[in-house]
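Keep in mind that the numbers below use all heavy atoms, side chains included, and drop hydrogens, waters and symmetry copies. Numbers here are sequence positions counted from 1. Read the numbers this way: they start at 1 and go in the same order the structure lists the ligands and their atoms.
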Amino acid sequence: MNVTIIGTGYVGLVTGACFAEKGNKVLCVDIDEQKVKKMEQKIVPFYEPGLEELFIENIDKKRLLFTTSLEEGIKHSNIIFLCLPTPENEDGSADLSYIINLVKNLSKKITGYTIIINKSTVPVGTATKVKQILLDENISEDNFDVVSNPEFLKQGHAVVDFLESERVVIGTQSSKVIELLKELYLPFVKDEKDILIMDEFSSELTKYAANSFLATKITFMNEISNYCEKIGANIDHIREGIGMDSRIGNKFLYPGIGYGGSCFPKDVKALIRSGEEAGFNFNIIKAVDDINQNQKTVLVDKVLQHFNEDIADKKIALWGLSFKPETDDTREAPSHYIIEKLISLGVKNIVGFDPQAIQKTKSRFGDKIVYSSSKYEALNDADALLICTEWTDFKDINLNEIKKRMKQAILFDGRNLYDINKIKSEGDITYYPMGKNPINR
Ligand SMILES: NC(=O)c1ccc[n+]([C@@H]2O[C@H](COP(=O)([O-])OP(=O)(O)OC[C@H]3O[C@@H](n4cnc5c(N)ncnc54)[C@H](O)[C@@H]3O)[C@@H](O)[C@H]2O)c1
């Protein structure tokens, strides 16, 4: 099948490469000329495990192509996937301008029957808005279909998530489109039953419900973890104790320093706003949003308490700058909130290390902080180490190296990477985990 993808970010490029991998001929359109130039030179524009191999292989087989021209995209196929940004407006609602403007533009250029499939995360009613734009351009109802097809991939695991989709959600009433999309998606699911067909409203809401539920699960555990610290209970025991209940499940129960990234924070806010617009109050989700905001800087509160508020002259090292491991994405990363707060508290000596996200952190903080080229180098003469992202590389540590390099080994572990008994047996290390009693030397 010929397929056109508009927007080659984490969703668009992964979708395009995966469709191409199954033999489709995919043309990716992006407005960013530099990005398209890079991709034409076989350079993947961001870090995503497993993507480079698929990308190069399918470019070589001439099944994955790039352009900046929307006209070429329209000529290439009448199956057009929108994978455009839907960032947060100031009031928390989803900014639909990328989609609306693109569809307005597209509606002036299409000639024959076109299927517009929206993969971006958009509020309920967006498919209806898109249809109206096409009707306003005097395009006959028989000449288009607008479909909601939200994407559930996780950055850092996106290629596998797409190639082995747990489910595909398709919101449309058109049997013609259902047949076509089933044919396209069947190679990515175990069973045809994993392709869920529903109306556009339900499909659009499924994505927000999924992300808000996951954000709620994370936040719930963070609250229990914070309470554990107050009363001296151990979050690991509680996680096991509840996780073995099959109604609860054992995933996504790890405490941390809040969710970040380009999706959960904005999607939670957008659902709250959509509710308000419909005269509906999402009490739970509002609480989740508030709690998460505070959670992002709990490590700084612990640092302040440890040093009796006297931190301006301390050298503070951060391990992990991306919002989660296996990505270079720093959007809404807790580490960036931490850096922001440390700077506002007058800390002048902050050093950061990350296996992939230094460049993106540099473009935000410039020379306000120092960047290290290795995890151990970042610790030289440091007064405190804050672990913000659970990169595998950080799990494997040489405690002697840490003790040797830091002024005094004081670790604030926002991701519970280490066995507390091992740290205890080492001596000379002060260790603040999440949801457990600290080891204070
Ligand atoms: N990132 C994720 O993990 C993820 C997962 C599921 C859903 N989503 C949703 O998918 C959508 C896209 O997210 P993303 O992370 O891929 O975004 P992104 O910011 O990484 O990529 C968006 C791309 O669109 C391009 N673009 C902008 N305007 C354009 C235009 N007029 N024509 C062509 N290209 C244009 C940009 O240059 C960029 O390459 C969002 O709605 C997001 O919420 C994201």
* To do: Would you mind reporting whether C388 and L321 have side-chain heavy atoms less than 4.5 Å apart?
  => no
* Is ligand 1 less than 4.0 angstrom away from at least one heavy atom of K207? -> yes
* Side chain, backbone, both or neither: C263 near ligand 1, heavy atoms under 4.0 Å -> side chain
* Asked: Under 3.5 Å between some N or O of ligand 1 and some N or O of Y10?
  -> yes
* Quick one: do K182 and E192 make a salt bridge, cutoff under 4.0 Å? -> yes
* Under 4.0 Å from any heavy atom of P85, which atoms of ligand 1 are there? -> 22 (C), 24 (O), 27 (C)
* Look at atom 6 (C) of ligand 1 and say which protein heavy atom is nearest, naming residue and atom and giving the distance to 0.1 Å. => E151 O, 3.2 Å
* Asked: Just by distance, with hydrogens left out, do S322 and W391 show a side-chain donor and acceptor under 3.5 Å apart?
  -> yes
* **Element-labelled atoms of ligand 1 that are located less than 4.0 Å from some non-hydrogen atom of I6** => 32 (N), 33 (C)
* Which ligand 1 atoms does G9 reach within 4.0 Å, using its non-hydrogen atoms? -> 16 (O), 18 (P), 20 (O), 21 (O), 23 (C), 39 (O)
* Taking the six-membered ring for Trp, are F280 and F282 ring centroids under 6.0 Å apart? -> yes
* Structure fact -> re atom 29 (C) of ligand 1, the protein heavy-atom contact at minimum distance is L84 CD2, 3.4 Å
* **Q155: which of D328, D161, V11, D329 passes side-chain contact (heavy atoms from CB on, under 4.5 Å)** => D329
* Asked: Among protein heavy atoms, which lies nearest atom 9 (C) of ligand 1, and at what distance?
  -> T121 OG1, 3.4 Å
* For ligand 1, is there an N or O atom under 3.5 Å from any N or O atom of D30? -> yes
* Structure fact -> Checking heavy-atom distances from atom 17 (O) of ligand 1 to each of K35, M39, R331, the winner is R331
* Find the distance between CG (D30) and CD1 (I5) and round it off to the nearest 0.5 Å. => 11.5 Å
* Got a salt bridge between K108 and E137, using NZ or NE/NH1/NH2 to carboxylate O under 4.0 Å? -> yes
* Structure fact -> atom 2 (C) of ligand 1 has as its nearest protein heavy atom Q155 OE1, 3.4 Å
* Among all protein non-hydrogen atoms, which one is nearest to atom 41 (O) of ligand 1, and what is the separation to 0.1 Å? -> T86 OG1, 2.6 Å
* To do: Identify the protein heavy atom lying closest to atom 43 (O) of ligand 1, giving its residue, its atom name and the separation to 0.1 Å.
  => K266 NZ, 2.6 Å
* Asked: Between the side chain of D95 and the main-chain N/O of S97, is any donor-acceptor distance below 3.5 Å?
  -> yes
* Hey, are K296 and E332 close enough for a salt bridge, meaning a charged N less than 4.0 Å from a carboxylate O? -> yes
* G7 heavy atoms, cut-off 4.0 Å: which ligand 1 atoms fall inside? -> 23 (C), 24 (O), 25 (C), 34 (N)
* To do: Please state whether E33 comes within less than 4.0 angstrom of ligand 1, counting heavy atoms only.
  => no
* Structure fact -> Looking only at protein heavy atoms, what sits closest to atom 8 (N) of ligand 1 is V11 CG2, 3.5 Å
* Exercise: do N149 and Y185 side chains pair donor with acceptor under 3.5 Å -> yes
* Distance (rounded to the nearest 0.5 Å) between T216 OG1 and F264 CZ -> 9.5 Å
* **Closest approach of any protein heavy atom to atom 31 (N) of ligand 1, naming residue and atom** => I31 CD1, 3.7 Å
* Under the criterion side-chain contact (heavy atoms from CB on, under 4.5 Å), which of L180, I80, I79 is the partner of I117? -> I79
* **S262: numbered ligand 1 atoms lying under 4.0 Å from its heavy atoms** => 1 (N)
